[in-house]
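The analysis underlying the following values was restricted to heavy atoms, covering all of them including side chains, and did not include hydrogens, waters or symmetry mates. Note that the structure is predicted; figures quoted are calculated from it, not measured. Positions are given from 1 along the sequence. Read the numbers this way: they start at 1 and go in the same order the structure lists the ligands and their atoms.
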Amino acid sequence: MREFAYHRPGDLQAAVALLADGESRPVSGGMTLLPTMKQRLAAPPALVDLSTIPGMAGVTVEGRTVTVGALSTHESVASSPEIVACIPALASLAGVIGDPAVRHRGTIGGSVANADPGADYPAAVLGLDATVVTDRREIGADDFFIGLFTTALAPDEIITAIRFPVPDAAGYAKFRSQASRFALVGVFVARFGPFVRVAVTGAAPCVFRQKDIEEVLARDFTPSALTRISIAPSGLNSDIHADSEYRAHLVMVMARRAVEQALGAPARP
Ligand SMILES: Cc1cc2nc3c(=O)[nH]c(=O)nc-3n(C[C@H](O)[C@H](O)[C@H](O)COP(=O)(O)OP(=O)(O)OC[C@H]3O[C@@H](n4cnc5c(N)ncnc54)[C@H](O)[C@@H]3O)c2cc1C
């Protein structure tokens with residue numbers, strides 16, 4: 001790890017000002033950024049610690065919208081009574097991230113900003129058509145995730161909250177890597193009246209919507225509707241964990257499980 005400065009600003013404006021050089025990085029849980037720095041894959045001149053900025057953690061519900069503060073840990077999302085009541089699939093997704101240490105330190109804002117191709121939250125953000133709220137604007141999920149570890153955020157932009165619309169039904173199924181616990185493939189399915197959104201993580205360089213599955217489920221929201229279709233492996237990741245054909249197969253299996261869960265089956269551990 002190289003030498004770096006450490007700042008602990010008292011408010012959001014001060015944090016944004018400290019990021020103005022475009023090289024310094026905000027740190028929330030540090031679960032991803034610090035290992036990356038230890039491995040010398042990142043060497044920011046300064047870390048701007050967001051963790052003590054007031055008003056950036058916690059869950060609020062207004063009508064059919066659930067707002068989750070960016071500093072909310074995965075554990076606090078998993079155990080939030082409001083999220084369990086309004087979007088149980090989001091709570092169960094948070095509960096299968098990493099291990100207890102990661103869940104108690106890692107934050108939703110850090111995970112969404114990082115846009116790891118195997119991360120779980122991006123599937124919920126895209127599947128639920130959430131809005132990413134930052135210090136300066138609001139970004140719809142379809143415009144937020146751009147590519148491998150790449151989002152629409154400017155270098156000095158800070159996520160303050162994620163706003164999730166409450167779906168009529170939703171489910172998330174993940175086939176995890178036994179080594180890292182990240183998703184080899186994860187599928188989030190959400191139904192809003194006649195519309196269905198399906199977001200896939202882990203299978204490609206960036207989370208994506210699978211429109212073929214969305215169209216089938218909009219006509220018939222049942223697991224059996226998905227036995228009639230398959231997806232092509234082209235463009236999916238092939239690596240030591242799984243080749244693209246296997247990932248294409250897993251997308252369909254996880255989609256069926258996500259629909260089962262949306263229809264009331266318990267989430268598989
Ligand atoms: C052993 C292990 C297992 C894991 N398993 C999983 C898993 O199964 N599924 C999964 O999804 N994740 C997994 N993770 C990742 C974990 O969820 C991290 O917590 C998460 O990716 C990053 O959150 P953080 O708060 O720690 O972010 P940090 O490490 O603090 O930051 C990550 C990145 O986001 C930026 N950032 C942080 N906060 C903000 C903000 N509010 N606004 C803008 N930019 C910000 C930072 O500058 C940095 O670039 C795992 C991590 C570990 C170490």
Considering heavy atoms of the protein only, find what lies nearest to [atom] and give residue, atom and distance to 0.1 Å.
atom                    : result
atom 44 (N) of ligand 1 : A113 CB, 3.3 Å
atom 24 (P) of ligand 1 : G29 N, 3.6 Å
atom 41 (N) of ligand 1 : I159 O, 3.1 Å

What part of [X], side chain from CB on, backbone N/CA/C/O, both or neither, has a heavy atom under 4.0 Å from ligand 1?
X    : answer
M37  : neither
S180 : backbone
T160 : neither

Give a yes or no on whether a salt bridge exists between R209 and D129, defined as a side-chain N under 4.0 angstrom from a carboxylate O.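 Salt bridge: no.
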
Charged N to carboxylate O below 4.0 Å: is that the case for D120 and R181? no

For residues T73 and E75, is any side-chain donor paired with an opposing acceptor at under 3.5 Å?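 E75 and T73 do not have a side-chain donor-acceptor pair below 3.5 Å.
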
Selection from [options] by shortest heavy-atom distance to [atom]:
atom                    : options          : answer
atom 46 (C) of ligand 1 : G118, A15, P26   : P26
atom 23 (O) of ligand 1 : S111, A115, G202 : S111
atom 26 (O) of ligand 1 : M56, M31, R105   : M31

Sub-4.0 Å atoms of ligand 1 with respect to non-hydrogen atoms of [X]:
X    : value
R25  : 47 (O), 49 (O)
V27  : 30 (O)
D120 : 7 (C), 8 (O), 9 (N), 10 (C), 11 (O)
E157 : 43 (C)
V102 : 1 (C), 2 (C), 3 (C), 16 (C), 17 (O), 50 (C), 51 (C), 52 (C), 53 (C)
A119 : 10 (C), 11 (O)

Between ligand 1 and [X], is the shortest N or O to N or O distance under 3.5 Å?
X    : value
A183 : no
Y121 : no
G98  : yes

Are L47 and R25 packed together at the side-chain level, in the sense that at least one heavy-atom pair is separated by less than 4.5 angstrom?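 In short, these two side chains touch, coming nearer than 4.5 Å.
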
Checking [X] side chain against [Y] main chain: does a donor-acceptor pair fall under 3.5 Å?
X    : Y    : result
T201 : A119 : yes
S111 : I108 : no
R103 : G98  : yes
R247 : G202 : yes
D168 : G193 : yes

Candidates V133, V59, T60 - the one meeting side-chain contact (heavy atoms from CB on, under 4.5 Å) with T67: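 When V133, V59, T60 are each tested with T67, the side-chain contact (heavy atoms from CB on, under 4.5 Å) holds only for T60.
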
For a side-chain contact (heavy atoms from CB on, under 4.5 Å) with M31, tell me which candidate from T107, V102, I97 qualifies. V102

Contact check, [X] vs ligand 1, heavy-atom distance below 4.0 Å:
X    : value
I158 : yes
R176 : no
R103 : no

Within 6.0 angstrom of F149 CZ, more than 12 heavy atoms from elsewhere: yes

